[in-house]
There are 2 protein chains.
Amino acid sequence: MKKILREHIEKLIPLTDDEFSFVLSHFSAEQYDKNDFIFRKGEKVKNCYFIISGLLKLVYDDKDGKQHIVSFALEDWWESDFSAYFSEANTKMSLQSIEDSITFSLSLKNYHKLSAEFPKMQRFFLNKSNTGHIASQHRILSFLTSNARERYDQLIKQYPLLVQRVPKTLLASYLGVSRETLSRLSH
Amino acid sequence: MKKILREHIEKLIPLTDDEFSFVLSHFSAEQYDKNDFIFRKGEKVKNCYFIISGLLKLVYDDKDGKQHIVSFALEDWWESDFSAYFSEANTKMSLQSIEDSITFSLSLKNYHKLSAEFPKMQRFFLNKSNTGHIASQHRILSFLTSNARERYDQLIKQYPLLVQRVPKTLLASYLGVSRETLSRLSH
DNA sequence: ATTTTAATGTGACAAACATCACAATAACAA
DNA sequence: TTGTTATTGTGATGTTTGTCACATTAAAAT
């Protein structure tokens with residue numbers, strides 16, 4: 001588990017053993033069963049989460065009670081309600097596990113501490129944030145340019161393994177189409 | 001102009017005069033007339049751009065020649081094709097001015113130099129990137145939960161000044177609806 | 001093993017939205 | 001000014017997608 005985190009960071013930033021120990025001391029491991037909530041809408045989020053194994057969904061519940069999946073979080077991914085996390089406000093979304101999952105969590109305090117005391121790690125976070133921003137823009141572009149079928153095809157192409165692990169009902173909710181429409185796209 | 005950049009940065013990170021001089025030396029000022037391209041699709045982008053005054057559009061041209069506005073860039077905003085910028089690849093989008101505009105541009109080299117030599121500035125970039133990421137997620141949520149009229153209402157509420165400066169044809173392209181549909185929403 | 005719940009497919013119909021066509025007006029340039 | 005181009009509105013029509021209803025199968029729980 002530690003090894004996974006270390007290798008993830010070292011894809012971008014080489015670390016000595018001591019440096020990694022220092023970094024690691026800011027995280028704490030957590031384990032969730034399938035369907036557990038990491039946090040619920042309306043609560044505070046103390047942490048952001050690095051996923052060691054498993055699969056999470058970041059969900060927004062609209063006024064009609066419909067669920068919208070803002071994001072899936074797979075192994076090697078970071079997730080939180082970042083808006084609430086950074087501003088220490090109440091969450092507008094919930095984070096729930098789709099499979100049994102293991103995470104490393106990082107409190108906002110420790111995030112700032114790590115960033116301030118260890119610029120290498122700040123560089124790592126900057127890189128991650130940039131990547132996340134670019135990924136989100138890519139998804140926006142998909143909404144702008146593509147219809148339901150095309151968005152589904154793009155998803156399959158981009159995350160083939162995810163598509164196999166997740167029920168189509170959830171994929172539909174991520175793609176912004178009804179499950180019935182998604183079901184009819186296969187023909 | 002320098003003052004605008006300084007105040008923008010100091011909203012997040014206080015700077016001494018010397019520090020700001022150092023930061024400023026990494027930027028160069030550029031001026032664009034209305035309709036000028038800052039860069040075109042297929043080219044390399046050397047810079048990202050901080051907008052001092054004016055208004056830009058980040059545009060994706062699809063296979064049918066239709067234009068999709070990925071983002072508007074107003075005063076006090078940073079813009080580029082960040083995917084191409086960070087990876088030094090060819091752009092998939094173009095950046096064009098909608099009004100006469102003045103920018104401060106920052107090369108990737110200087111971005112890395114600034115970040116490495118001056119952790120305060122890396123903190124600034126991290127903060128900006130996080131904000132941008134959150135804003136993109138907000139837009140995704142708008143696509144997931146809202147129809148054309150609701151997205152338009154949200155845009156008016158969020159950027160009332162932008163809506164008055166930009167022709168509806170472009171707003172439609174940003175919202176992901178046809179201009180005819182947008183035109184009919186007012187009733 | 002049996003019951004319960006979740007996931008999926010599909011028909012019928014309605015709503016949202018796109019496209020094409022044309023007209024009117026506003027902004028801009030020679 | 002005068003011609004040209006960009007912007008906007010609107011009708012007619014077709015396509016895409018959503019909603020409701022029901023059936024079937026798969027998975028999970030007891």
Side-chain angles (χ1 to χ4, degrees), chain A residues 32-37 54-55 57 59-69 72 96-101 140-156 162-187, chain B residues 32-37 54-57 59-69 72 96-100 140-156 162-187:
Chain A
Y32 300 95
D33 291 338
K34 180 173 175 172
N35 294 325
D36 279 359
F37 281 88
L55 177 54
K57 59 176 177 178
V59 176
Y60 179 84
D61 298 286
D62 70 18
K63 49 188 180 342
D64 307 324
K66 234 189 291 179
Q67 296 215 138
H68 303 275
I69 296 188
F72 290 112
Q96 189 178 11
S97 68
I98 297 176
E99 302 173 357
D100 293 354
S101 301
I140 288 170
L141 205 48
S142 178
F143 278 111
L144 288 176
T145 62
S146 308
N147 63 22
R149 157 166 273 126
E150 290 164 336
R151 293 205 300 279
Y152 186 40
D153 289 343
Q154 288 161 21
L155 182 66
I156 293 170
L162 176 74
V163 171
Q164 290 175 358
R165 280 163 76 175
V166 172
K168 297 205 171 156
T169 310
L170 294 185
L171 294 180
S173 161
Y174 176 85
L175 290 169
V177 291
S178 68
R179 59 155 211 90
E180 293 92 336
T181 296
L182 188 69
S183 169
R184 283 185 255 256
L185 290 183
S186 321
H187 317 305
Chain B
Y32 300 94
D33 293 337
K34 181 172 175 173
N35 293 326
D36 280 359
F37 280 89
L55 176 54
L56 310 179
K57 59 176 179 178
V59 175
Y60 178 84
D61 299 286
D62 70 17
K63 50 187 179 344
D64 306 324
K66 233 190 292 179
Q67 296 214 136
H68 303 275
I69 296 188
F72 290 111
Q96 189 179 11
S97 67
I98 297 176
E99 304 172 358
D100 293 353
I140 288 169
L141 205 47
S142 178
F143 278 112
L144 287 176
T145 62
S146 308
N147 63 22
R149 155 166 274 126
E150 291 164 337
R151 293 204 301 278
Y152 187 40
D153 290 343
Q154 289 163 19
L155 182 66
I156 292 170
L162 176 75
V163 171
Q164 290 175 357
R165 280 163 76 176
V166 173
K168 298 206 172 155
T169 310
L170 294 185
L171 295 179
S173 162
Y174 176 85
L175 290 169
V177 290
S178 68
R179 57 157 213 88
E180 293 93 334
T181 295
L182 188 69
S183 168
R184 283 184 255 257
L185 290 183
S186 320
H187 318 304

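Note that these values count all heavy atoms, side chains included, but never hydrogens, waters or copies made by symmetry. Naming: A, B, ... by sequence-line order, numbering from 1 per chain.
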Please check if the side chain of A/D100 supplies one atom and the backbone of A/K34 the other of a donor-acceptor pair under 3.5 Å. yes

Residue from B/V163, B/I69, B/I156 passing side-chain contact (heavy atoms from CB on, under 4.5 Å) with B/L171: B/V163

Backbone N or O of B/K66 within a donor-acceptor pair of the B/D64 side chain at under 3.5 Å? no

Partner of A/Y174 under ring pair (Phe, Tyr, Trp, His ring centres under 6.0 Å), picked from A/F143, A/Y60, A/F72, is A/F72

Nucleotide C/dA7, atom P - distance to CD of A/Q67 in whole Å: 11 Å

With a 4.5 Å limit on heavy-atom distance, are the side chains of A/R151 and A/V177 in contact? yes

Measure from CD on B/Q164 to P on D/dT7 and round the result to the nearest Å. 17 Å

Checking B/S97 side chain against B/L56 main chain: does a donor-acceptor pair fall under 3.5 Å? no

Non-hydrogen side-chain atoms of B/D153 and B/L185 separated by less than 4.5 Å: no

Sub-4.5 Å side-chain heavy-atom contact between B/L162 and B/L55: yes

Just the rounded figure in Å: distance from C1' of D/dT25 to NZ of A/K168. 14 Å

Distances under 3.5 Å only, N/O to N/O: pair up the protein atoms with those of nucleotides 26-30 of chain D.
none

Rounding to a whole Å, what distance do you find between B/I98:CD1 and C/dC28:C1'? 17 Å

Length of the line joining B/Q96:CD and D/dA6:P, which is rounded to integer Å: 12 Å

Euclidean distance, atom CD of residue A/E150 to atom C1' of D/dT16 [Å, nearest integer]: 12 Å

Interatomic distance, B/D100 CG vs C/dC28 P [rounded to whole Å]: 11 Å

Just one of B/D62, B/D61, B/V59 clears the side-chain contact (heavy atoms from CB on, under 4.5 Å) bar with B/H68, so which one? B/D62

If you compare every side-chain N and O of B/T169 against the phosphate oxygens of D/dA6 (OP1, OP2), does one of them come in below 4.0 Å? no

Using whole Å, report how far CZ of B/F143 lies from P of D/dG18. 14 Å

Below 3.5 Å between N/O atoms, which protein atoms pair up with nucleotides 16-23 of chain C? Just atom names and distances, please.
from	atom 1	to	atom 2	distance (Å)
C/dC17	OP1	B/A148	N	3.0
C/dA18	OP1	B/S178	N	3.3
C/dA18	OP2	B/S178	N	3.1
C/dA18	OP2	B/S178	OG	3.1
C/dA18	OP2	B/T181	OG1	2.8
C/dT19	OP1	B/K66	NZ	3.4
C/dT19	O4	B/R184	NH2	3.0
C/dC20	N4	B/E180	OE2	3.3

